[in-house]
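Single-structure report; data block below.
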Amino acid sequence: MQRIFLLTFVVAGIGAAAMAEIAPDQVLWAEDGSIQESLTDTPGNPDEGEVIMATNALGNCVACHAVEAMPDVPFQGNIAPQLDGVADRWTEAELRGIVVDAKRIFPESFMPGMYKVGPFIRPGVAYTAKPPEMPEDIKPILSAQQVEDVVAYLMTLSE
Amino acid sequence: FAFIASSASAEPVKDDQLIVNGEEEIATEAPAPPHLDGAVGDTIYSGWLFRDTETRAMQKDDFDNPMFLFVDAGIEAWNTREGTAEKSCADCHNEIEDSMKGLRAELPKVTPEGELWSLENYVNDCRTNRMGAEPWGWNSQEMKNMTAAIGVQSRGMPVAVEIDGDAAPFWEKGKDMYYTRYGQLEMSCANCHEDNFGNYIRSDHLSQGQINGFPLYRLKDQGAVSTHQRFVGCVRDTRGVPFEAGSQEFRELELYVASRGLGLLVETPAVRH
């Protein structure tokens, strides 16, 4: 009895996840490198997005970008444009496209694709220097929900 | 934002000079070699110019430079008989100051057999084929001791690797690698060390990634770091799978990166943080 119950639960779980989230290789790109549709069913949380952008092990956007709206974050990089006012320059769909894979809008960009799993040249599993045993070992840098959180935060950066 | 404002202008330092032991002045910039075609502007800079005051100071005095412990160990090994031939390096090469002077500046180079060899290859060739001793690991402490001891004999001499003739095909491959975007972050050496030297990635002040000071002491690792070890670290940081230290690929890359420093003076053994 218990076994049947468990099985049903797991299947329902998979169904829900598949509905709620668009996988990196299923993203619907517009010609211009923007993504209209949210990657998840849950609206992005800008507070989470701010943390993700400032955290080394997550988005680490401040490694390259300065954001004056985050005065407490030390050692912001100066490689990429300052992000204040970015919501006036781009639509939400464009910002989603830039975060998922900036090379669609800026072809030679230095900015890594945050929701991209390939193709790459000699990809390793995170910073281990080890090749993946299976293609699934290459995980996107941010999850679908984290991308939505970051986009929600970027949308607050208008001047 | 004060930090950003000051870092934006944080080019290589302009108001310091590398004078070693109070007597030997080592120029830390040079006109960019013609093959770079202006890619980094007119001037190439030593990585020394991108480090903080304390780190720069350590390289100015051999007593403060932790690498000299390893140089001393290398000289001791130079004079030590080993292997089935019971010979030391000194038995064949005599004084390291004379026989090894200038060599570091010309490596890697193509052997008469047409292979591209780094200093480590030459050392292990003598150990295995002339001394009957075990080869040292590329990144072993013994190897770094010896390459530091040999390298310092060229300190102050201009980098002078050959890039034409037999070397050209290797150099071309190294150049391709330099511009290849490795790993999940899809970044090439050029993205960081050509397009962005002088800029900050978080708290890292990017240099031109020159190798004229290797092997060098890295304060963060509290130890000596070989050229290929640094390459491994930089490719790993792209979320990539590096080539092996000592591999054909990294010797080709070493030749190409060395050639981006043609005209800079050998600083072996340098200090970095």
Side-chain angles (χ1 to χ4, degrees), chain A residues 24 53-57 59-84 101-103 106-133 135 137-142, chain B residues 1-11 39 50 52 139 176-207 228-245 247 249-250 253 273:
Chain A
M53 287 183 60
T55 305
N56 277 9
N60 201 16
C61 316
V62 294
C64 296
H65 294 275
V67 192
E68 260 180 28
M70 299 181 184
D72 298 333
V73 176
F75 300 122
Q76 304 188 6
N78 63 354
I79 279 179
Q82 187 164 325
L83 291 179
D84 303 275
D101 183 5
K103 287 173 185 63
F106 311 108
E108 295 297 316
S109 188
F110 185 38
M111 178 164 158
M114 299 291 164
Y115 196 62
K116 185 175 181 181
V117 291
F120 301 126
I121 301 168
R122 298 179 72 84
V125 177
Y127 295 100
T128 63
K130 300 240 162 43
E133 277 165 29
D137 291 344
I138 303 294
K139 306 254 186 302
I141 295 170
L142 297 180
Chain B
F1 201 107
F3 179 79
I4 301 296
S6 64
S7 68
S9 58
E11 284 290 296
F50 297 82
D52 61 26
N139 287 332
D176 282 348
M177 290 180 71
Y178 196 86
Y179 289 97
T180 300
R181 287 164 164 258
Y182 290 110
Q184 185 168 13
L185 302 188
E186 300 179 88
M187 288 177 182
S188 69
C189 316
N191 285 142
C192 288
H193 296 296
E194 177 171 295
D195 304 339
N196 281 300
F197 73 88
N199 289 338
Y200 280 84
I201 292 201
R202 209 93 210 225
S203 54
D204 284 323
H205 192 195
L206 284 170
S207 73
H228 290 199
Q229 209 173 349
R230 181 78 235 199
F231 292 173
V232 165
C234 281
V235 176
R236 185 199 50 221
D237 287 349
T238 68
R239 289 181 176 239
V241 180
F243 298 93
E244 303 261 328
S247 61
E249 290 86 353
F250 271 174
L253 184 61
H273 54 238

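Of the two parts of B:Thr180, only the side chain, counted from C-beta on, holds a non-hydrogen atom closer than 4.5 Å to a non-hydrogen atom of chain A. Contact of A:Ile79 with chain B is made through backbone and side chain together, with heavy-atom distances under 4.5 Å. Heavy atoms closer than 4.5 Å to chain A are found in the side chain of B:Asn196, but not in its backbone. Only the side chain of A:Lys103 comes within less than 4.5 Å of a heavy atom in chain B; its backbone stays farther off.
When atom types are taken as modelled, the side chain of A:Arg122 and the backbone of B:Gly240 share no donor-acceptor pair closer than 3.5 angstrom. For A:Asn78 (side chain) and B:Tyr200 (main-chain N/O), a donor-acceptor pair under 3.5 Å exists by modelled atom type. The closest donor-acceptor contact from the side chain of B:Gln184 to the backbone of A:Lys139 lies under 3.5 Å.
When all heavy atoms are compared, the tightest approach of A:Gly124 to B:Val241 is CA-CG2, 3.6 Å. For B:Glu186 against A:Pro119, the heavy-atom pair with the smallest separation is OE1-O, 4.4 Å. Taking both residues in full, the closest heavy atoms of A:Pro112 and B:Met187 are given as CG-CE, 4.0 Å, listed atom of the first, atom of the second, then distance.
With rounding to the nearest 0.5 angstrom, the CE atom of A:Met111 is 14.0 Å from the CG atom of B:Asn191.
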Compile the donor-acceptor pairs under 3.5 Å between side chains in residues 125-133 of chain A and protein atoms, sequence neighbours left out, one pair per line.
residue: A:Thr128; atom: OG1; partner: A:Val125; partner atom: O; Å: 2.7
residue: A:Thr128; atom: OG1; partner: A:Lys130; partner atom: N; Å: 3.1

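Per-residue heavy-atom pair counts under 4.5 Å with chain A were compared for B:Leu206, B:Thr238, B:Ile201, and the maximum is reached by B:Ile201.
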